[in-house]
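One structure is given below, encoded as structure tokens.
To find a chain, count down the sequence lines: A is the first, B the second, and so on, and within it residues start at 1. Keep in mind that what you see is a predicted model, and the values were worked out from it rather than measured.
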Protein chains: 2
Amino acid sequence: MERVVASVPGRKSDTKERILDAALHLFATRGYENTSLDFLASSLGLSKQAVLYWFKSKDILLQAVIERDVTELISVLEAALSDAGEGWERMEAVVKSVFRIGVMRPELLELIREVNRVDSSASEMLVALLTPLMERASQFLQAEMVAGRFRKRDPRLVILATYSMVLGVLTDLKAMKALGEEPSVRLLVKWRQELLTFLRDALLIEADTGR
Amino acid sequence: MERVVASVPGRKSDTKERILDAALHLFATRGYENTSLDFLASSLGLSKQAVLYWFKSKDILLQAVIERDVTELISVLEAALSDAGEGWERMEAVVKSVFRIGVMRPELLELIREVNRVDSSASEMLVALLTPLMERASQFLQAEMVAGRFRKRDPRLVILATYSMVLGVLTDLKAMKALGEEPSVRLLVKWRQELLTFLRDALLIEADTGR
DNA sequence: CAAGTGACTTACCATATGGTAAACAACGCG
DNA sequence: CGCGTTGTTTACCATATGGTAAGTCACTTG
């Protein structure tokens, strides 16, 4: 409806990527059902059919967004889960990674929330993508517990709780409003620290790691 | 589409309540945009116009659901926040209340998730309803911190984190699937206990309350 | 018992939506 | 230069959706 960049109809266009970008943004911020192909297309200065040329259906578009962006997200987390040192350091690295994403590309996290909600083949895809990561995280936690560094808990609960907490702090903006806070980067930085401490107290077994 | 109970068209019908019940259920499980008035009505054996007779628009229906059900939810929490003893006991009572609701009437919590997401006047209403409760909870936490029973944290973060965590454990079923768990009451009871311990470690200052 | 009212239903409608079919423009290639 | 390919548009469509208007039917009340 505004962005009539009008790339030459000829060859080699970056349209596909631009559609994926817009879809990520709109699905995340306005919701999947609430984003029509017409709206999405015209926000790029395209007709709906151009979108349907690249992605045969809306559902397939959603799947493509997930495949591109969630895969990226997961690889970032996988990296954090592998790189950093032992025990708490590693846990901290993962949480910090998520926060970094939450600040720089909040739409990625909102997309996950959204896909988790929508009833489509896309959500199964998300589960399939997420499962190995969960499995790795679970094994990490279990190892830490056996080593006596983390309190013994059901690792799956720890994951789900942490996941919900971090995602919640980063995406539940409406709830923030009810708390009388406007979300800002400054606040998120502060809360990241507090949340890490919160998690540490909950997980780590006291061994005066330098309080 | 099936439930053609056919109450007498005459007087005094419970239709209004039945519509609210169905709306709560469908909005929570299928989402607001994804639930058409036609579908909702026919699930009650009514025509769409009967629904529009009681509620002038879909948005107003959503607001009515919130007004009826979220108010109820909040009063339950208010009660938990007032009744129980001091310190951790009270915190525990609140969390247990939420879990009780999550087990017995999961739709109530799912509705909150849903409304938090939908962009409508309804979400402002939710914020308005939730704000006083948040305020009370915040004051409670602050008092506990001053009294030296709870660790000193930003109360709003504690609320948001706890809120997200509990709601997440209770509603993020898809995430559970990725963890290889089918949600069941048995599991929830177990996780309620674990989550409480998790929270206690994070919040309570050690004073050997009977570890 | 006639008029009104409460609780619906049937008819209807404008609009939005996902999607199909076909035309069309620019380019690369033989 | 003609011709297929790629990317895109214009036309079109069936269906779904929220909502309006008016009718209907039973019961209540003056």
Side-chain angles (χ1 to χ4, degrees), chain A residues 1-23 26-27 29-66 114-115 118-122, chain B residues 1-23 26-27 29-66 114-115 118-122:
Chain A
M1 238 166 199
E2 43 173 37
R3 300 242 46 206
V4 194
V5 183
S7 60
V8 189
R11 276 284 176 92
K12 276 283 135 103
S13 83
D14 57 344
T15 305
K16 195 171 181 179
E17 287 299 312
R18 289 174 61 229
I19 291 173
L20 286 172
D21 290 343
L26 292 176
F27 289 168
T29 56
R30 304 168 48 97
Y32 176 75
E33 293 105 331
N34 207 26
T35 300
S36 73
L37 292 181
D38 272 312
F39 185 89
L40 192 157
S42 70
S43 83
L44 290 169
L46 289 173
S47 73
K48 171 172 58 180
Q49 312 315 322
V51 175
L52 285 168
Y53 170 76
W54 293 103
F55 305 94
K56 271 186 284 189
S57 75
K58 195 183 178 185
D59 188 85
I60 287 175
L61 172 59
L62 177 58
Q63 286 186 47
V65 174
I66 293 171
E114 178 66 11
V115 173
V118 171
D119 182 29
S120 93
S121 49
Chain B
M1 235 166 202
E2 41 174 37
R3 302 240 47 205
V4 193
V5 183
S7 59
V8 190
R11 276 286 175 90
K12 277 281 137 104
S13 83
D14 57 344
T15 305
K16 195 171 180 178
E17 288 299 311
R18 288 175 61 229
I19 292 173
L20 287 172
D21 290 343
L26 292 176
F27 289 168
T29 56
R30 304 168 49 97
Y32 176 74
E33 294 105 331
N34 206 27
T35 300
S36 73
L37 292 182
D38 271 311
F39 185 88
L40 193 158
S42 72
S43 83
L44 290 168
L46 290 173
S47 74
K48 172 172 56 181
Q49 312 315 321
V51 175
L52 285 168
Y53 170 76
W54 292 103
F55 306 94
K56 269 186 286 190
S57 75
K58 195 183 176 184
D59 189 85
I60 287 175
L61 172 58
L62 177 59
Q63 287 186 48
V65 174
I66 294 169
E114 178 65 12
V115 173
V118 171
D119 182 29
S120 94
S121 50

Original post:
Between A/Ile19 (CD1) and D/dT8 (C1'), how many Å, whole number?
Top reply: 11 Å

Original post:
To the nearest 0.5 Å, how far apart are CZ in B/Arg30 and OG in B/Ser36?
Top reply: 7.5 Å

**OP:** State whether B/Trp54 places a side-chain N or O below 4.0 Å from either non-bridging phosphate oxygen (OP1 or OP2) of C/dG6.
**Re:** no

**OP:** To the nearest Å, give me how far apart NZ (A/Lys48) and P (D/dC13) are.
**Re:** 14 Å

**OP:** Would you sort out whether B/Leu44 and B/Val51 count as a side-chain contact (heavy atoms from CB on, under 4.5 Å), showing the intermediate values?
**Re:** CA-CA 10 Å; B/Leu44 290 168; B/Val51 175; 5.6 Å; no

**OP:** Quickly work out the A/Leu52 CG to C/dT17 P distance and round it to whole Å.
**Re:** 14 Å

Original post:
Can a side chain N or O of A/Tyr53 be found less than 4.0 Å away from OP1 or OP2 on D/dG7?
Top reply: yes

Original post:
Looking at A/Ser36, does any N or O in its side chain come under 4.0 Å of the phosphate oxygens OP1/OP2 on C/dT17?
Top reply: yes

**OP:** Please state whether the phosphate of C/dT10, meaning OP1 or OP2, lies under 4.0 angstrom from any side-chain nitrogen or oxygen of B/Ser47.
**Re:** no

Original post:
To the nearest Å, how far apart are B/Phe55 CZ and D/dT20 P?
Top reply: 16 Å

**OP:** Give a yes or no on whether a donor-acceptor pair under 3.5 Å exists between the nucleobase atoms of D/dG19, that is its base, and the side chain of B/Lys58.
**Re:** no

**OP:** Whole angstrom is fine here: how far is it from CG in B/Asn34 over to C1' in D/dG18?
**Re:** 15 Å

Original post:
A/Ile60 has an atom CD1; how far is it from atom P of C/dG18, in whole Å?
Top reply: 14 Å

**OP:** Nearest whole angstrom, please: distance from the C1' of D/dA11 to the CG of A/Asp38.
**Re:** 14 Å

Subject >> Side-chain heavy atoms of B/Tyr32 within contact of B/Lys58, under 4.5 Å >> reply: yes

Subject >> Steps toward side-chain contact (heavy atoms from CB on, under 4.5 Å) verdict (B/Phe55, B/Leu20) >> reply: CA-CA 10 Å; B/Phe55 306 94; B/Leu20 287 172; 3.7 Å; yes

Subject >> Minimum heavy-atom distance B/Gln63-B/Ser121, with the two atoms named >> reply: NE2-OG, 2.9 Å

Subject >> Separation of D/dG18 C1' from B/Leu40 CG (nearest whole Å) >> reply: 13 Å

**OP:** Side chain of B/Leu46 only, please: which of C/dG18, C/dC8, C/dT20 is the nearest?
**Re:** C/dC8

**OP:** Would you mind telling me which residue lines up with the more 5' stretch of DNA chain C, A/Asp59 or B/Gln49, judged by nearest nucleotide?
**Re:** B/Gln49

Original post:
Is there a donor N/O on one and an acceptor N/O on the other, under 3.5 Å, for the side chain of B/Lys56 and the base of D/dG19?
Top reply: no

Original post:
How would you label the contact of A/Leu37 with the nucleic acid (heavy atoms, under 4.0 Å): base, sugar-phosphate, or nothing?
Top reply: sugar-phosphate

